[in-house]
S.K.: 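The structure under discussion is supplied below as structure tokens; questions concerning it will follow.
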Amino acid sequence: MTESHYIEFKRELTANFEKEVVAFLNIGTGGKIIIGRDDDGSIIGLSDPDKDALRIKDILRTNIAPSIMGLFDIKLIEEENRHLIHITIASGPEKPYYIKKYGLTPKGCYYRLATAAEPMPQHMIDQYYESRTRRSLNKIKSDKQDLHFEQLRIYYAEQGKPLNEHFAANLELLTETQDYNYNAYLLSDINTTSYKLAVYDSTDRKALVSTEEYGNTCMITAAQKVLNRIDVENRTMSTIDGDRHDYRFWDQEALREAVRNAFIHNDYTTETFPKFEIFSDRIEITSYGGLPSGLSQEEFFTGYSAPRNKVLMRVYRDVGLVESLGIGIPRILETYGRKCFDFSDHFLRMCFPKHVPNVVREEGGVTGGVTGGVTGGKTGGKTGGKSITEVLSYNTLTSKQIEVLQLLLSDEKVTYEEMASKLGVKSTTSVQKHINGLKKAGSISRDQDYGGKWIVHFENE
């Protein structure tokens, strides 16, 4: 490994560390700083990496402006029995970034040139600043100021990160005048967002089966509902050739990454929202905004991270919906390659072809069309071929309640302990809460208290 335009080595944490970070923030690709390696790449190691990591977090939070929360990852790595720190830095959407004590001057603003951090010329600083102040979700005041965030509080509490009374400032949901900004509006309980999902029984847009809308709510909830709805269509199927082989129409992880990317990286400044379309032979996901400014297609495919909406990125990471910076696109490329991406000046479309082997059987029966919902086998026997979206009060359910509902549909005798395990929660208390909510909504009941089975109720029964 050698230093490059994208990688910087440091033997130890130094006083000019901020300069290197600012330089990566101000280029289109971002980059990585590895502390514990010599300039020639040889591993030196760190004596107290935990202490250094805490110092780095403090430096990044307090010494650089605008705020870069959500734009960096810090990982402790062990190589050759020595400890290193890897800091991944995304390209920032609010350039120019600068060292606070020096301000918007060449002494405070840097950019990466070859393998060095160079002072940014004043004309470049002025150009970036003018572009930044034009349109930024952080600076756009929400038309509605009476906002509520109960759903956001629940998502953070589920991750063991309860929000305090200063959460709006800590999450950068306020403008400079302390009004709620557009990020806050998107994350609030009630808004006028519109995330549409259309299902077609054909390869074009002529045979529309249904159109569903998941907006008007916290965008995390909307994303979860879109993910759950697509999961319904992405059923588990089987082929029989002497042995049984289970598969899905689409790679689940790649598809989920694409949905999350569409929500996070969409350009919301024009109030244009992502849309999701399911055809008989493919899924198309379209987001507004094209490539982020300063990022080429080649850099995009290589996995360099340039979050268009770094506040939204941070929140989605906080609540466990995304992982590290730059992971999503490589995951999609592993399965579908570059041909699934279509770029235009104002839009980015991802197209995922449907995979159907020649001999296909669903659990317990021959598979039907793409719009059949939860059908065949054990589930089809219980639902009569109905879609999960036809469950009584479906549109009022939370994303977690829908996850529980999917488990009940797949196994009518599933236990609380099994549900807790599949949902990845530590106790059955939260499962009981979601079950109670489903019962209250009239979506489910139980035929007897002990040793019985779950009954799912559909509309018009």
Side-chain angles (χ1 to χ4, degrees), residues 4-7 28-32 73 88 90-91 197-200 202-205 223 226-227 229-239 241 245-267 274-309 313 316-317 321-360 367 370:
S4 69
H5 183 58
Y6 313 107
I7 299 176
T29 59
K32 179 177 284 188
D73 278 331
T88 303
S91 173
L197 187 150
V199 180
Y200 304 92
S202 62
T203 59
D204 55 29
R205 294 177 174 82
V226 170
L227 286 167
R229 180 66 180 88
I230 288 179
D231 275 349
V232 169
E233 297 292 347
N234 193 19
R235 303 191 299 278
T236 299
M237 315 294 287
S238 299
T239 60
D241 56 1
H245 306 281
D246 293 333
Y247 78 100
R248 286 178 178 254
F249 288 141
W250 295 278
D251 182 88
Q252 186 179 30
E253 193 53 44
L255 194 56
R256 292 176 72 85
E257 288 287 350
V259 171
R260 291 185 286 242
N261 279 352
F263 271 89
I264 295 170
H265 299 298
N266 189 77
D267 183 357
K275 68 175 180 177
F276 309 88
E277 297 172 290
I278 303 174
F279 298 87
S280 60
D281 65 340
R282 69 193 187 278
I283 286 179
E284 289 187 0
I285 299 173
T286 306
S287 56
Y288 182 74
L291 283 172
S293 176
L295 192 70
S296 68
Q297 285 191 28
E298 188 61 35
E299 291 164 343
F300 173 85
F301 286 131
T302 306
Y304 291 107
S305 183
R308 176 173 276 114
N309 306 307
M313 169 66 86
Y316 270 60
R317 286 170 62 198
L321 276 180
V322 296
E323 297 176 12
S324 301
L325 293 167
I327 293 269
I329 299 306
R331 279 186 176 168
I332 297 170
L333 291 171
E334 283 177 11
T335 305
Y336 292 99
R338 298 187 179 194
K339 64 181 181 296
C340 77
F341 292 91
D342 181 22
F343 301 94
S344 70
D345 290 342
H346 302 294
F347 292 92
L348 168 60
R349 173 168 290 164
M350 292 172 279
C351 179
F352 302 97
K354 183 179 179 181
H355 170 63
V356 183
N358 291 332
V359 181
V360 179
T367 180
V370 71

S.K.: Apply side-chain contact (heavy atoms from CB on, under 4.5 Å) to residues Leu227 and Leu255 and explain how you reach the verdict.
M.R.: CA-CA 9 Å; Leu227 286 167; Leu255 194 56; over 6 Å; no
S.K.: What's the shortest heavy-atom distance between Thr203 and Arg282, and which atoms?
M.R.: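 Residues Thr203 and Arg282, closest heavy atoms: O-NH1, 2.8 Å.
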S.K.: Please lay out, stage by stage, how Gln297 and Leu291 fare under the test side-chain contact (heavy atoms from CB on, under 4.5 Å).
M.R.: CA-CA 8 Å; Gln297 285 191 28; Leu291 283 172; 3.6 Å; yes
S.K.: Whether the side chain of Asn234 engages the backbone of Trp250 through a donor-acceptor N/O pair (distance < 3.5 Å, no angle test) should be reported.
M.R.: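 Such a contact is found between Asn234 side chain and Trp250 backbone.
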S.K.: Taking the side chain as every heavy atom from C-beta outward, state whether Arg308 and Met313 have any atom pair closer than 4.5 Å.
M.R.: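 No, too far: nothing below the 4.5 Å cut-off.
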S.K.: Check whether any side-chain N or O of Arg349 sits under 3.5 Å from a backbone N or O of Thr286 as a donor-acceptor pair, and report yes or no.
M.R.: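 It does not hold such a pair.
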S.K.: Short question: side chain of Arg331, backbone of Glu253 - any donor-acceptor pair under 3.5 Å?
M.R.: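 Absent.
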S.K.: Between Glu284 and Arg205, does any side-chain N to carboxylate O distance fall below 4.0 Å?
M.R.: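 Yes, this pair counts.
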S.K.: Taking all non-hydrogen atoms of both residues into account, name the closest pair between Lys354 and Ser280 and its distance.
M.R.: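 Shortest heavy-atom contact: CD-O, 3.3 Å.
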S.K.: Is there a side-chain contact between Phe276 and Ile283 in this structure, where contact means two heavy atoms from C-beta onward sitting under 4.5 Å apart?
M.R.: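 The answer is no; the side chains never approach within 4.5 Å.
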S.K.: With a distance cut-off below 6.0 Å to the six-membered ring centre and an angular limit of 45° from the axis, does Arg338 pair with Phe341 as a cation-pi contact?
M.R.: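 So Arg338 doesn't make the cation-pi contact.
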S.K.: Decide yes or no for Ile278 and Leu197: does some side-chain heavy atom of the first lie under 4.5 Å from some side-chain heavy atom of the second?
M.R.: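 Ile278 reaches Leu197 side chain to side chain.
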S.K.: So, Asn309 side chain and Ile264 main chain: donor-acceptor pair closer than 3.5 Å or not?
M.R.: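 Checked: pair present.
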S.K.: Looking only at non-hydrogen atoms, find the nearest pair between Gly28 and Ser91 and report the distance.
M.R.: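 Result for this residue pair: O-CB, 3.4 Å.
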S.K.: Look at the aromatic rings of Tyr200 and Phe279 and report parallel, tilted or perpendicular, splitting at 30° and 60°.
M.R.: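 Answer is parallel, since the angle falls under 30°.
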S.K.: So, for Asp267 and Gly289, which heavy atoms are closest and what is the spacing to 0.1 Å?
M.R.: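 Looking at all heavy atoms of both residues, the closest pair is CB-CA, 3.9 Å.
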S.K.: Out of curiosity, Leu333 CG to Glu257 CD, how far, rounded to the nearest 0.5 Å?
M.R.: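 Answer rounded to 0.5 Å: 11.5 Å.
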S.K.: Side-chain contact, heavy-atom cut-off 4.5 Å: Tyr336 with Cys351?
M.R.: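 Side chain of Tyr336 against side chain of Cys351, heavy atoms only: no contact under 4.5 Å found.
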S.K.: Check Ala223 against Tyr316 and note the closest heavy-atom contact, atom names and distance.
M.R.: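 Taking Ala223 first and Tyr316 second, the nearest heavy atoms are CB-OH, 3.6 Å.
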S.K.: Taking Arg256 first and then Asp231, would you say they form a salt bridge - that is, a charged N and a carboxylate O separated by under 4.0 Å?
M.R.: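 Result for this pair is yes, salt bridge flagged.
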S.K.: Side-chain contact test, heavy atoms from C-beta onward, threshold under 4.5 Å: evaluate it for Glu334 versus Ile329 and give yes or no.
M.R.: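 A side-chain contact is absent here, since even the closest heavy-atom pair is not under 4.5 Å.
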S.K.: Looking at OG1 of Thr335 and CG of Asp251, how far apart are the two atoms once the value is rounded to the nearest 0.5 Å?
M.R.: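 Reported value, rounded in 0.5 Å steps: 4.0 Å.
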S.K.: Carefully, step by step, assess Asn261 and Asn266 under the rule side-chain contact (heavy atoms from CB on, under 4.5 Å).
M.R.: CA-CA 8 Å; Asn261 279 352; Asn266 189 77; over 6 Å; no
S.K.: Using a 4.5 Å cut-off on heavy atoms from C-beta on, say whether the side chain of Phe249 contacts that of Phe352.
M.R.: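 Answer no - side chains too far apart.
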S.K.: Might you point out which heavy atoms bring Cys340 and Ile332 nearest each other, and give the distance in Å?
M.R.: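 Reported closest heavy-atom pair: SG-CG2, 3.9 Å.
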S.K.: Is there a side-chain contact (heavy atoms from CB on, under 4.5 Å) between His346 and Tyr288 once you walk through the steps?
M.R.: CA-CA 6 Å; His346 302 294; Tyr288 182 74; 3.7 Å; yes
